[in-house]
There are 2 protein chains.
Amino acid sequence: MRAYDHLLKYGIRPSAQRIAIMEYLLSHRSHPTSDEIFESLRGEIPTLSKTTVYNTLKYFTEKGVALSLNIDDKCARFDGYTHEHAHFLCEKCGRVIDLDMESSPKVSLLAGMEVNNMQVYLRGVCPECLKKKE
Amino acid sequence: MRAYDHLLKYGIRPSAQRIAIMEYLLSHRSHPTSDEIFESLRGEIPTLSKTTVYNTLKYFTEKGVALSLNIDDKCARFDGYTHEHAHFLCEKCGRVIDLDMESSPKVSLLAGMEVNNMQVYLRGVCPECLKKKE
DNA sequence: TTATAAATTTGTAATAATTACAAATGTGTA
DNA sequence: TACACATTTGTAATTATTACAAATTTATAA
């Protein structure tokens, strides 16, 4: 019931679809795409529509219960863990990996600027792909 | 001739199209999209193709003479200034603004990980749009 | 110069993520 | 129960980007 409680805590009406999507995000820390979530849940919820997945993820992002990541050129990826951390995209295998931040960047803001969100993205080759290369 | 020299410095053959696109990036610090560059240059180079703009910007990014920014959900934006700095997207007007970084983020890397690139993205409302609100 | 190979550019057609929209369904309340 | 409102659904559009092959330009060698 953690997904259910999580949604309530963020003021989101917990429909079956929303619970399933939230549960998926909390139990899969792979930064899934809309399509991956849709394909994984359509067995469980046969009537599920791709539009619902898109709408719901957008709503989650607005409500602050999920992050929308733009690290991947092709499509958005989503993260149910919203505490401050950085993301690494492996350019070989495409995986997105969470990285802890020892210290967040200090940025010179302009006067009278409102900041709602910060993302730190790294790109390169993950340890596994580097090993395969040899 | 700064665009010309810039390309040579990065080992890029300076064709007319490449010079024009590089010159555009150096003289427009607005983080233009492929389409904005294409529309601005088609007067100057009537035969210019959109595919060329895409190919060239991808090539510039690989060669390190330009940055490809994923801060905007809709499409890639490009930056001819490659020194370390952060980017801010105004969610009202859509502008992307350069911000200096006083200190870059310290991220806990995994052992045996190769990092090629880091981006810091902020989102919010720019000073001008905040003023208009009142 | 001339012939040939390589690099670059171009235009068209395909791909694929995302959104618009309106109908259908579900949920809460008087 | 009846009604308003929220949510979901399916289809059709939109649009950024890429694939691809032909055309053009540029460099190289005879």
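Nothing here was measured: the structure is a model prediction, and the numbers come from that model. Sequence lines set the chain letters: A, B, ... in the order given, protein chains first and strands last, and positions in each chain run from 1.
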Would you check if there is a donor-acceptor pair between the side chains of [Y] and [X] at a distance under 3.5 Å?
| X | Y | value |
| --- | --- | --- |
| A:Glu102 | B:Ser108 | yes |
| A:Glu91 | B:Asn116 | yes |
| A:His85 | A:Asp100 | no |
| A:His31 | A:Asp98 | yes |

At 4.0 Å (heavy atoms only), tell me whether [X] reaches a base, stays on the sugar-phosphate, or touches nothing.
| X | answer |
| --- | --- |
| A:Asp73 | nothing |
| B:Lys50 | nothing |
| B:Asp35 | nothing |
| B:Thr33 | nothing |

Toward the 5' end of DNA chain C, by each residue's nearest nucleotide, B:Ile45 or A:Lys74: B:Ile45
Nucleotide range of DNA chain C contacted by chain B, 5' to 3', under 4.0 Å to a heavy atom? C:dA7 to C:dT12
Would you say D:dT8 has OP1 or OP2 under 4.0 Å from some side-chain N or O of A:Ser15? yes
For atom [atom1] of [X] and atom [atom2] of [N], their distance in whole Å:
| X | N | atom1 | atom2 | value |
| --- | --- | --- | --- | --- |
| A:Ile19 | D:dT7 | CD1 | C1' | 13 Å |
| A:Ile12 | D:dA6 | CD1 | P | 15 Å |
| B:Arg18 | D:dT24 | CZ | C1' | 14 Å |
| B:Glu36 | D:dA16 | CD | P | 10 Å |
| B:Asn55 | D:dA16 | CG | P | 17 Å |
| A:Leu41 | D:dT8 | CG | P | 13 Å |
| A:Tyr54 | D:dT14 | OH | C1' | 13 Å |

So which one's nearest nucleotide on DNA chain D is more toward 5', B:Arg13 or A:Ser49? A:Ser49
Are the side chain of A:Arg123 and the backbone of A:Ile71 linked by a donor-acceptor contact shorter than 3.5 Å? yes
Would A:Arg29 count as a cation-pi partner of A:Tyr81, with NZ or CZ less than 6.0 Å from the six-membered ring centre and within 45° of the ring normal? yes
Do B:Tyr59 and B:Ile12 touch side chain to side chain, with heavy atoms closer than 4.5 Å? yes
